[in-house]
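Below is one structure, written out as structure tokens; comments come after it.
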Amino acid sequence: MERYNFKTVEEKWQEKWAKLKVFQSKIDTSKEKFYCLEMFPYPSGNIHMGHVRNYTIGDVLSRYKSLQGFNVMHPMGWDAFGMPAENAARENNLDPKEWTKKNISTMKEQLKKLGLSIDWDREISTCSEEYYKHQQLFFLELYEKGLVYRKENYVNWDPIDQTVLANEQVIDGKGWRSGAVVERKKLNQWFFNISKFSQELLDGLDDLKQWPNKVKVMQKNWIGKSFGCEIAFKTEGDLPVKEIKCFTTRPDTLFGFSFLALSVDHEISKYFVDDKKFQEFKKECSRTGTTEEAIAIGEKIGFKTNLVAINPLNPSQKVPVFFANFVLMDYGFGAVFGCPAHDQRDFDFAKKYGLNFKTVVKPDNEKDSFEVKGEAYSGPGTLINSEFLNNLKVPEESIVKTIDILEERKIGQKKINFRLKDWGVSRQRYWGCPIPMAYDEDGNVTTIPKKDLPVKLPENIDLNSKGNPLNAKTDWKNIIINGKKYVRETDTLDTFVCSSWYYLRFCSSNNLDYGFRQEEVDYWMPVDQYIGGIEHAILHLLYSRFFMKALGYKNKKFKFKEPFEGLFTQGMVCHETYKDKNNNWLSPDEIELIGDQFFKKGDKNHKVKVGPSESMSKSKKNVIDPENIIKSYGADAVRLFILSDSPPEKDVQWSDQGMIASYKFLQKLWILHNKIKEKIKKKNDNDTENETLEKFTNQMINKITNNLEGFNYNVIVANIYETYNFLIKLIEKDKNIDIKILKESYKKILILFSPAIPHFTAECLDDINLLEKIEWPKTDKNLLVEDRIDYVVQINGKKRAILNESRDIDQNTLMSKIKLNKFSEKYLKDKSINKIIFVKNRLINLLINE
RNA sequence: GCCCUCGUGGUGAAAUUGGUAGACACAAAGGACUUAAAAUCCUUGCCAUUUAUGGAGUGCCAGUUCGAGUCUGGCCGAGGGCACCA
């Protein structure tokens, strides 16, 4: 017997699968379809362990589903536009297109070596004209539907990447990619009207039964629906301002009104353009507004105007109007009414500026004379000091009743507000999808005629020009449409636009005329299982949901409402971090273990500091290169390890020992295979044992099938080990096994293993000529029934013995067996049994007096 | 501050959904084979006197139940999301 040679075996099967186009998917209406999709990678150069985990999980599922008889589509593509290409190209004086192309071909080879069951015929790349020409058409389609518009707005400006960022791309006030503190800038931008779908996007979440709750909660919070009321406050003062509108969720606290606060960008600020003090204040706000510390401390500052606002429920009360740094322009009306007693922010502000306020809500356990001190009270209770509103229950009665009164008196109006803002899609970058728009000499917008699409990205670009390189490309920029001079839009689309519809493109990837063909989408969509990282919980997953709705808007094109029926978010791959004595990061192969202490490789005096295990990242150097690992241990071993240690939704620790163990296990499994092969060759004799194997196999079918259905992939690996432990003992026993049953059972077992270790199992099946008619085995319910049961005998709830008896025996029979057993002498002698709890085929609990 | 999730051996984790806690693996210790090492195989796993046998035991405290890792309430701790959203 030869050692198991993963290299030749894996290459052989990968070639075979490719040649026979085993994973090619075609519409077949006689079969139930299954669309399995993993988030497509950005072609950065090499695959990383995160990809290995993501794509292994998807591959296990795809293979399992096709063995079950589903018509599986499992495609792969490239999220190929984006900044890294542009940066890399600038640094190395390359063409972003060539750089991207090269990376794609490297990564494709690496993915192929994992033995993934991917239909490569459907491969797409978002940077190809073939792809983005359809995207430009969709852009125009949405424009015609009124879902795309251009406006001048404050935007998040990333000073390092020199581009605008969407709200979703700003994390802790910093750019998601560059980490630079984001600045506010006023620019003309293209927007997708995602907020039009706020309610729909919120409602749709309820239908997503196979999504993790966590993601749904995150999206729900991000959409941020709140129920309240808009109130118009009459104003008096030296400005031509008659009233100011505010949005509030707490109109019931109106009698606690103490001041009115405006955003510095509120339209009233136009009267202060020449006011130096106001301009200074505004500067101060934008400075403190963005830094993390400022937000954490939350210091409130204000600028008092000469206006006063009148309480609509109590016209004799007039309060000052301020500009304040904590009021956001893009939520509600950019103006709030301040009620310090019941809102902490308002409380802080009132305290700082010494404003008077009244307590209007009393907690239920407090006296009528209750007064807010020290901090605001925002909990439930009863309204006080509020004239005709007094005694209303807060919040169940108070809010609705107050709104009714305000509506009746035409002071206010019921209103629902969303936190979700429109999606700014303009990016001042070269390497992205051109926006098919142009401007005439007066700045009027026009669309590029559809016949002139795609608007191709120009080549030979000077990437070293300042700002957007497309802006400098005058021969591309200046065009003539219908004899009239125009200038092209030089911004490109946010790359999240590309990934918002790629799942549709896969249904028709080879169709040149359409982005997707209706009947193909009708067959394949929605994606049955989408698998990817939790980091896209809001960004990509929300945008994709929006895009689907936007495309279907006003023409009931789609039979389904949501693009991703099932979502699975896998955890990250982590590794310990290492630092040398100068606090520089070290990679795992720059260190060595001597005794129980890590040292810098080749330097026994240089101790290495071991840090916590963190998600693998280049910056911390705690990465393990999948290509090397596959080379050393083979794809099946890597797959087995990456599945084994933790549930797929949790983070997993990379462990060299664990990796080696998986590799060794396959060697052992190969030895076992050869022993079984020998057995199969022999003839049957009389002394055969078959029932145990048959039953065990059947139990495993049941276990592994259930674990696959529940995404308990780590348990499947345990099941594989369990099966090995069982088989090796069985085979090494001298007893002969019925050859027919051994063959049948072993074939089933190999099929059960195959989603995880496909090359190995294909080789084994082929080796014993059982590669024909491969399908997922079914559990035989009759075989699951055991004849003998381990009955747990408890005395006063404590386990005292286990009796192995026949199944379905009744309480009395079991009791008689118990009395014969030696332990009853010890526990039951001279004791009376007060009560017996008998659970059929499981346990018996005897309650006695101690 | 608000919201969500999770606390099980030295470690990663299982547990048929209320019924034998720790499957499976990693690490460690002891042993076998070996001149030796590696590899391989076996055993152990917290406390009590050694195989046997007891006892404690799933973050802490109560509760429901014949029986709780699992259900209920409170507390403590960890991780994640949002963060002046009125």
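Heavy atoms only: backbone and side chains are in, while hydrogens, waters and symmetry mates are out. In what follows, chains are A, B, ... by sequence order, proteins preceding strands, each numbered from 1. Just so it is clear, the structure is predicted and the values come from calculations on it, not from any experiment.
Straight-line distance from the NZ atom of Lys703(A) to the P atom of U17(B): 14 Å, rounded to whole Å. If you take CG of Asn325(A) and P of C84(B), they are 11 Å apart, rounded to a whole angstrom. In this entry the distance linking CD1 of Ile833(A) with P of C66(B) reads 17 Å, nearest Å. Rounded to whole Å, the distance from CE on Met329(A) to P on C84(B) is 16 Å. Nucleotide A86(B) holds its C1' atom 13 Å from the CG atom of Asp252(A), rounded to whole Å. Between the C1' atom of G12(B) and the CZ atom of Arg53(A) lies a distance of 11 Å, rounded to the nearest Å. Straight-line distance from the NZ atom of Lys650(A) to the C1' atom of A78(B): 12 Å, rounded to whole Å. In this structure, the CZ atom of Arg419(A) is 11 Å from the C1' atom of G81(B), given to the nearest Å.
Of the candidate nucleotides U40(B), C84(B), C41(B), C41(B) has the atom nearest to the side chain of Lys668(A). In this structure, the nucleotide among C82(B), A23(B), G81(B) sitting nearest to the side chain of Ala718(A) is A23(B). Nearest nucleotide to the side chain of Glu722(A), out of G55(B), C84(B), A23(B): A23(B). Checked against A86(B), C66(B), C82(B), the side chain of Thr248(A) finds its nearest nucleotide in A86(B). In this structure, of A86(B), A83(B), A39(B), it is A86(B) that holds the atom nearest to the side chain of Ser226(A). When the nucleotides G12(B), A14(B), C4(B) are ranked by their closest atom to the side chain of Asp645(A), G12(B) comes out on top.
Counting distance only, with no hydrogens placed and no angle test, the side-chain atoms of Lys300(A) and the base atoms of C84(B) include a donor-acceptor pair under 3.5 Å.
With a glycosidic angle further than 90° from 0, G7(B) counts as anti. U17(B) adopts a syn glycosidic conformation, its chi angle falling within 90° of 0.
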Ignoring hydrogens and angles, write down the donor-acceptor pairs under 3.5 Å from the side chains of residues 250-264 of chain A, residues two or more places apart or on other chains.
{"residue": "Arg250(A)", "atom": "NE", "partner": "Asp252(A)", "partner atom": "OD1", "Å": "3.0"}
{"residue": "Arg250(A)", "atom": "NE", "partner": "Asp252(A)", "partner atom": "OD2", "Å": "3.4"}
{"residue": "Arg250(A)", "atom": "NH2", "partner": "Asp252(A)", "partner atom": "OD2", "Å": "3.3"}
{"residue": "Asp252(A)", "atom": "OD2", "partner": "Ser398(A)", "partner atom": "OG", "Å": "2.8"}
{"residue": "Thr253(A)", "atom": "OG1", "partner": "Arg250(A)", "partner atom": "O", "Å": "2.9"}
{"residue": "Ser258(A)", "atom": "OG", "partner": "Asn356(A)", "partner atom": "O", "Å": "3.0"}
{"residue": "Ser263(A)", "atom": "OG", "partner": "Asp265(A)", "partner atom": "N", "Å": "3.0"}

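Between Lys798(A) and U20(B), a side-chain N or O to OP1/OP2 separation shorter than 4.0 Å is absent. Between Asn714(A) and the phosphate of A14(B), there is a side-chain N or O to OP1/OP2 separation shorter than 4.0 Å. Distances shown here put a side-chain N or O of Arg800(A) below 4.0 Å from the OP1 or OP2 atom of G55(B). In this model, the phosphate group of G67(B) is not approached by any side-chain N or O of Arg842(A) to a distance below 4.0 Å at OP1 or OP2. Between A25(B) and Tyr721(A), no contact under 4.0 Å exists linking OP1 or OP2 to a side-chain N or O. The phosphate of A21(B) has OP1 or OP2 within less than 4.0 Å of a side-chain N or O from Lys799(A). OP1 or OP2 of G12(B) has not a single side-chain nitrogen or oxygen of Ser646(A) nearer than 4.0 Å. Distances shorter than 4.0 Å separate some side-chain N or O of Asn725(A) from OP1 or OP2 on A25(B).
Taking the six-membered ring where tryptophan is involved, the planes of Trp670(A) and His673(A) are essentially parallel, since the angle between them stays under 30° and well short of 60°. Note: Tyr331(A) and Phe247(A) have perpendicular aromatic rings, judged against thresholds of 30 and 60 degrees for the angle between ring planes. Using cut-offs of 30° and 60° on the angle between ring planes, the pair Tyr724(A) and Phe665(A) is perpendicular. In this pair, Phe322(A) and Tyr353(A) present their aromatic rings tilted. The plane angle is within the 30 to 60° band.
Residue contacts for Ile802(A): at a heavy-atom cut-off of 4.0 Å it reaches a base atom on one of the strands shown. Gln344(A) comes within contact range of no nucleotide atom at all, as no heavy-atom separation falls under 4.0 Å. Lys216(A) comes within 4.0 angstrom of nothing in the nucleic acid, heavy atoms only. Within 4.0 Å of Val327(A), counting heavy atoms only, lies at least one base atom of the nucleic acid. Among the atoms of the strands shown, base atoms are found under 4.0 Å from some heavy atom of Asn845(A). At the heavy-atom level, Gln657(A) lies under 4.0 Å from the strands shown only through sugar-phosphate atoms. Counting any heavy atom pair closer than 4.0 Å across all strands shown, Val839(A) reaches a base atom. Using a 4.0 Å heavy-atom criterion, one finds that Asp790(A) contacts the bases of the nucleic acid, with or without backbone contacts as well.
Base pairing of A29(B) is made with U43(B), judged by Watson-Crick or G-U wobble geometry with both donor-acceptor distances under 3.5 Å. The partner of A13(B) cannot be assigned: no Watson-Crick or G-U wobble pair with both contacts below 3.5 Å exists in any strand. Pairing for U70(B) is absent, judged as Watson-Crick or G-U wobble with the two contacts each under 3.5 Å. Checking U5(B) for Watson-Crick or G-U wobble geometry (two distances, each under 3.5 Å) identifies A78(B) as its partner. U50(B) is unpaired under the criterion used here, namely a Watson-Crick or G-U wobble arrangement in which both key atom distances are under 3.5 Å.
When the P atom is used for both A56(B) and C47(B), the distance is 16 Å, rounded to whole Å. When the P atom is compared between G69(B) and A15(B), the two are found 16 Å apart, to the nearest whole Å. Annotation: A68(B) and G73(B) have their C1' atoms spaced 15 Å apart (nearest Å). Spacing of P atoms, G18(B) relative to A23(B), comes out at 23 Å, to the nearest Å. The same atom, P, is picked in U8(B) and in U70(B); the two are 13 Å apart, to the nearest Å. Spacing of P atoms, A39(B) relative to A28(B), comes out at 10 Å, to the nearest Å. Taking the C1' atoms as reference points, U51(B) lies 12 Å from U44(B), given to the whole Å. Taking atom C1' in both A27(B) and C82(B), one finds a spacing of 40 Å when rounded to whole Å.
Side chains of Asn698(A) and Asp780(A): a donor-acceptor N/O pair is absent below 3.5 angstrom, by distance only. There is no side-chain donor-acceptor pair under 3.5 Å between Ser226(A) and Asn417(A).
With Lys421(A) contributing its side chain and Phe418(A) its backbone, the two residues share no donor-acceptor pair below 3.5 Å.
Distance check: Gln699(A) CD to Glu786(A) CD gives 5.0 Å after rounding to the nearest 0.5 Å.
Mapping Ala661(A) and Ser644(A) onto RNA chain B by nearest heavy atom places Ser644(A) at the nucleotide closer to the 5' end.
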